[in-house]
Amino acid sequence: MRRSLKRAVAALGVATALLGPPAAHAAVPAHTGRAFVPPRLPSPGELELFARESPVILQLTPAAPRAAEAVLRAAGAEPIAPQLRIWRLRGPGSARAIAKVQRLHALRVVEPDRTLRARPALAAWPPSDPLSAQQWWVPAIRADTVVPPPAGVPVTDVDTGLDFSHPEFAARPNTVALNAQTTTGAEDEAHGTAVASVIGAPENGAGIVGVYPQAALQAFDASPDELLDHSSIINGVLAAASRHAGVINLSLGGPSRDFIFQEAIAAAFGKGSLVVAAAGNEEANGNPVVYPASYPHVLTVAATTEGDAPTAFSSSSNTVDLAAPGQHIPVAVPLWMNPSGYVRADGTSFAAPLVSGAAAWVWIVRPKLDVTQLFELMRRSARDVWRPGWDKDTGFGVLDVLNALSFPAPTVDPQEPNDDVYLVKPNGLFRDGTAFILGGGRHSASFSARLDATEDPEDVFRVALPPHSRLRVRVSATAATSVELWGPKTRTVYEKGAAKRRDLISARGPSRTPKASGTNSSGKTRVAYVDVFLGKGVLDGSYSLRASLSRYSPSNR
């Protein structure tokens with residue numbers, strides 16, 4: 001969804017002075033992704049409405065004064081993610097407190113604190129001990145052909161609570177609760193224990209064995225009130241990412257696309273953590289879009305049967321990256337739910353943790369991989385099933401642990417996440433932003449990168465143009481690709497109307513060899529943005545980018 005922007009002033013003369021004459025806009029390439037900018041702030045009436053109905057989560061601006069935090073504390077707000085300035089607020093005074101923060105010019109975005117559901121489709125299963133013989137998924141993903149390594153990279157399950165009194169977890173080493181855990185009440189409260197058991201149930205002579213029994217397992221209870229709410233999930237994702245780069249499992253989902261949730265995912269990815277999410281169990285309901293599975297930079301997992309076919313319930317979509325067994329999966333549950341401590345479960349909720357545990361396993365064996373390499377490796381090394389090549393039901397295929405351990409390492413995808421201006425400029429998502437690819441004495445740059453229509457739709461890079469300089473960018477791609485140059489006032493590379501006419505300097509493509517150039521004819525260093533994205537209808541591709549700076553004067557144009 002491309003949002004409308006704040007007032008845009010047509011200032012073509014200014015743009016020309018900074019970066020040369022603007023390009024003609026009649027044939028500008030179409031972007032396939034979505035702008036990474038917050039939604040408009042709600043009107044007072046809208047704010048009153050959803051503040052009465054549910055808690056809200058809000059984010060302060062990077063330059064918010066301390067007075068704004070004081071207003072929130074006085075209203076009883078709870079800090080959820082201090083590193084991203086996110087707060088949770090509830091009660092009848094919420095709208096008034098937010099209005100005060102807005103008058104201080106400190107409010108960046110506010111959204112309802114929506115709740116999500118885990119849909120495990122649990123079914124009672126007769127007791128049997130040990131149950132590992134019933135784990136048909138083990139040979140299906142070739143986890144029985146190699147020995148897992150000792151604990152290392154952590155796997156964090158952000159879910160309902162983990163039952164630490166269960167026989168699978170009572171004496172398990174390397175098991176950490178990142179917050180207080182509750183596991184009684186609604187049936188969904190058993191979900192976190194079940195998912196965690198698929199990841200790391202130990203080899204203890206009883207019950208089941210997880211895909212990575214030695215894993216360093218962390219649990220974050222995101223259902224303090226028996227509901228999985230966005231604020232708690234965001235808190236868990238960022239707590240895990242801040243503690244240590246690792247794998248974060250999200251076996252949950254809902255229909256709402258919320259900016260703050262997406263921002264938390266991007267922040268975790270930027271800090272080096274791999275986020276894995278269940279694709280959803282919505283096949284029978286027409287496959288509605290499910291989040292967080294549909295956010296960029298999320299490894300999305302569908303579910304398959306014993307016969308390597310998509311299950312009848314597994315959601316089908318363009319965001320599916322790979323699949324894993326998700327039907328008739330033996331899992332551990334609290335004893336109050338089943339006296340045996342185990343049931344058999346169906347759902348993408350149980351396919352995702354197989355991928356999460358396997359990814360941590362691969363990362364320990366191959367510690368030189370960065371998160372962008374691991375992401376690509378896990379899906380590309382999958383065993384192709386169903387339709388040849390990638391498909392919307394199983395992605396690139398079924399998880400293959402043995403193949404992932406030896407699959408050639410993909411190249412590093414630099415400066416991710418860099419899908420829009422806010423993700424690369426200082427005091428955007430990250431305090432320091434990304435490094436300039438050119439400028440500061442560096443006059444040329446050459447590197448390779450990847451794009452994916454759903455997982456990585458845009459690559460935006462910063463350039464520092466010295467006074468009286470010309471920038472040239474050349475791209476050599478495996479598929480139709482476009483390149484654009486944007487001026488220093490650009491808020492998002494999805495700008496439209498007057499803002500676009502002001503800020504877009506050059507646009508070329510789609511082709512496999514697009515080129516763009518711009519100039520800084522002023523006497524001051526100016527910042528520009530290089531944007532590379534796929535042509536319409538192209539699913540993915542890689543490219544090499546070459547950029548150079550040269551001296552510019554009107555006489556040598």
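Computed from a predicted model, the values in this text were never measured in an experiment. In this chain, residues are counted from 1 in sequence order.
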Worksheet item: Considering only heavy atoms from C-beta outward, does the side chain of Asp419 approach that of Pro296 to under 4.5 Å?
Response: yes
Worksheet item: Just checking, any donor-acceptor pair under 3.5 angstrom between side chains of Asn249 and Asp157?
Response: yes
Worksheet item: Do any N or O atoms from the side chain of Thr300 and from the backbone of Ala293 form a donor-acceptor pair under 3.5 angstrom?
Response: yes
Discussion item. Rounded to the nearest 0.5 Å, what separates atom CD1 in Ile260 from atom OG in Ser231?
Written reply: 10.0 Å
Response to the item:
Nearest heavy-atom contact between Ala324 and Leu399 is CB-CB, 4.3 Å
Worksheet entry | Min side-chain heavy-atom separation Ser223-Glu189 under 4.5 Å | yes
Worksheet, complete the sentence: CG of Leu274 to CD of Gln373, rounded to nearest 0.5 Å, is 12.5 Å
Worksheet item: So Arg34 and Gln262, side-chain contact (heavy atoms from CB on, under 4.5 Å) or not? Walk me through it.
Response: CA-CA 12 Å; Arg34 292 170 170 172; Gln262 182 177 354; over 6 Å; no
Worksheet item: Should Val289 and Arg257 count as side-chain neighbours, where that means a heavy-atom distance under 4.5 Å?
Response: no
Worksheet item: Does any non-hydrogen side-chain atom of Ile86 lie less than 4.5 Å from one of Leu84?
Response: yes
Worksheet item: Without hydrogens or angle criteria, can the side chains of Ser251 and Asp159 be said to hold a donor-acceptor pair below 3.5 Å?
Response: no
Worksheet item: Which residues pass the salt bridge (Lys or Arg N to Asp or Glu O under 4.0 Å) test with Asp456, sequence neighbours left out?
Response: none
Worksheet entry | Ser314 vs Thr304 side-chain heavy atoms within contact, under 4.5 Å | no
Discussion item. Do the side chains of Asp400 and Arg142 get close enough for a salt bridge, i.e. N-O under 4.0 angstrom?
Written reply: yes
Practice prompt. Applying salt bridge (Lys or Arg N to Asp or Glu O under 4.0 Å), name anything that partners Glu263, two or more places apart in sequence or on another chain.
Written response: Arg108
Worksheet item: side-chain contact (heavy atoms from CB on, under 4.5 Å) with Leu228: which of Leu252, Val158, Asp188, Asp221?
Response: Leu252
Worksheet item: ring-ring contact (aromatic ring centres under 6.0 Å, His included) with Phe220: which residues, sequence neighbours excluded?
Response: none
Worksheet, complete the sentence: With sequence neighbours left out, the residues meeting salt bridge (Lys or Arg N to Asp or Glu O under 4.0 Å) with Asp370 are none
Practice prompt. Determine the minimum heavy-atom distance between Gly428 and Arg85, stating which atoms define it.
Written response: O-NH2, 4.5 Å
Discussion item. Please list all pairs meeting ring-ring contact (aromatic ring centres under 6.0 Å, His included) that have one or both residues in residues 301-334, counting only residues at least two apart or in different chains.
Written reply: none
Worksheet item: Any side-chain heavy atom of Val37 sitting closer than 4.5 Å to one from Tyr422?
Response: no
Practice prompt. For Glu495 and Thr490, run side-chain contact (heavy atoms from CB on, under 4.5 Å): C-alpha distance rounded to whole Å, both residues' side-chain angles, the deciding distance at 0.1 Å, then the answer.
Written response: CA-CA 8 Å; Glu495 284 179 351; Thr490 305; 4.0 Å; yes
Worksheet entry | Sequence-distant partners of Asp452, side-chain hydrogen bond (donor to acceptor under 3.5 Å, both in side chains), two or more places apart | Arg379, Thr454
Fill in: Shortest non-hydrogen separation from Gly326 to Ala303 and the atoms involved
CA-CB, 3.8 Å
Worksheet item: What heavy-atom pair brings Pro310 and Thr394 nearest, and what distance separates the two atoms?
Response: CG-CG2, 3.9 Å
Worksheet entry | Option passing side-chain contact (heavy atoms from CB on, under 4.5 Å) with Arg88 (candidates Asn235, Ile80, Leu58) | Ile80
Worksheet entry | Lys/Arg N to Asp/Glu carboxylate O, Asp113 vs Arg90, below 4.0 Å | no
Fill in: Leu299 side, atom CG; Leu250 side, atom CG - distance, nearest 0.5 Å
11.5 Å
Worksheet item: So, for Val211 and Ala358, which heavy atoms are closest and what is the spacing to 0.1 Å?
Response: CG1-N, 4.1 Å
Discussion item. Are the side chains of Val460 and Leu423 in contact, using a 4.5 Å heavy-atom criterion?
Written reply: no
Worksheet item: Excluding sequence neighbours, so at least two apart, what forms salt bridge (Lys or Arg N to Asp or Glu O under 4.0 Å) with Arg387?
Response: Asp393
Practice prompt. Give a yes or no on whether the backbone of Ala351 and the side-chain of Thr348 come within a donor-acceptor separation of less than 3.5 Å.
Written response: no
Worksheet item: With Tyr295, which residues qualify under ring-ring contact (aromatic ring centres under 6.0 Å, His included), at least two apart?
Response: Phe261, Tyr291
Do any side-chain atoms of residues 236-248 form donor-acceptor pairs under 3.5 angstrom with protein atoms, and if so which ones, sequence neighbours left out?
unit_1, atom_1, unit_2, atom_2, d
Ser242, OG, Gln83, NE2, 2.9
Ser242, OG, Leu238, O, 2.8
Arg243, NE, Gln218, OE1, 2.8

Worksheet item: Which is it for Asn418 and Phe461 under the side-chain contact (heavy atoms from CB on, under 4.5 Å) test, yes or no, and what are the steps along the way?
Response: CA-CA 7 Å; Asn418 60 346; Phe461 304 99; 3.4 Å; yes
Response to the item:
The reported gap from CD in Glu78 to OG in Ser232 (rounded to nearest 0.5 angstrom) is 7.5 Å
Item to complete: Could you name each residue pair satisfying side-chain hydrogen bond (donor to acceptor under 3.5 Å, both in side chains) that touches residues 530-542, not counting sequence neighbours?
Response: Arg380-Asp540
Worksheet item: Can you name the residues that form a ring-ring contact (aromatic ring centres under 6.0 Å, His included) with Phe259, not counting sequence neighbours?
Response: Phe36
Worksheet item: Between Gln327 and Asp346, is any pair of side-chain heavy atoms under 4.5 Å apart?
Response: yes
Worksheet entry | Flag for Glu283-Asn281: side-chain donor and acceptor within less than 3.5 Å | no
Worksheet item: Quick check: does any side chain N or O of Glu282 sit under 3.5 Å from a backbone N or O of Pro288, one acting as donor and the other as acceptor?
Response: no
Discussion item. How long is the straight-line distance from CG of Asp413 back to OG1 of Thr411, given to the nearest 0.5 Å?
Written reply: 7.0 Å
Worksheet item: When you check the side-chain N and O atoms of Thr492 and Asp420, is any donor under 3.5 Å from an acceptor?
Response: yes
Worksheet item: Which heavy atom in Asp459 sits nearest to a heavy atom in Arg450, and how many Å separate them?
Response: OD2-O, 3.3 Å
Worksheet item: Going from OG on Ser256 to CD on Glu111, what distance comes out if it is rounded to the nearest 0.5 angstrom?
Response: 9.5 Å
Fill in: Residues Val421, Arg462; criterion side-chain contact (heavy atoms from CB on, under 4.5 Å); working and verdict
CA-CA 9 Å; Val421 172; Arg462 293 200 302 149; over 6 Å; no
Fill in: Residue pairs involving residues 266-287 (criterion ring-ring contact (aromatic ring centres under 6.0 Å, His included); sequence neighbours excluded)
Phe269-His297
Worksheet item: Where the side chain of Ser197 meets the backbone of Val331, is there a donor-acceptor pair that is under 3.5 Å apart?
Response: no
Worksheet item: Is a donor on one side and an acceptor on the other found under 3.5 Å between the side chain of Trp390 and the backbone of Val320?
Response: yes
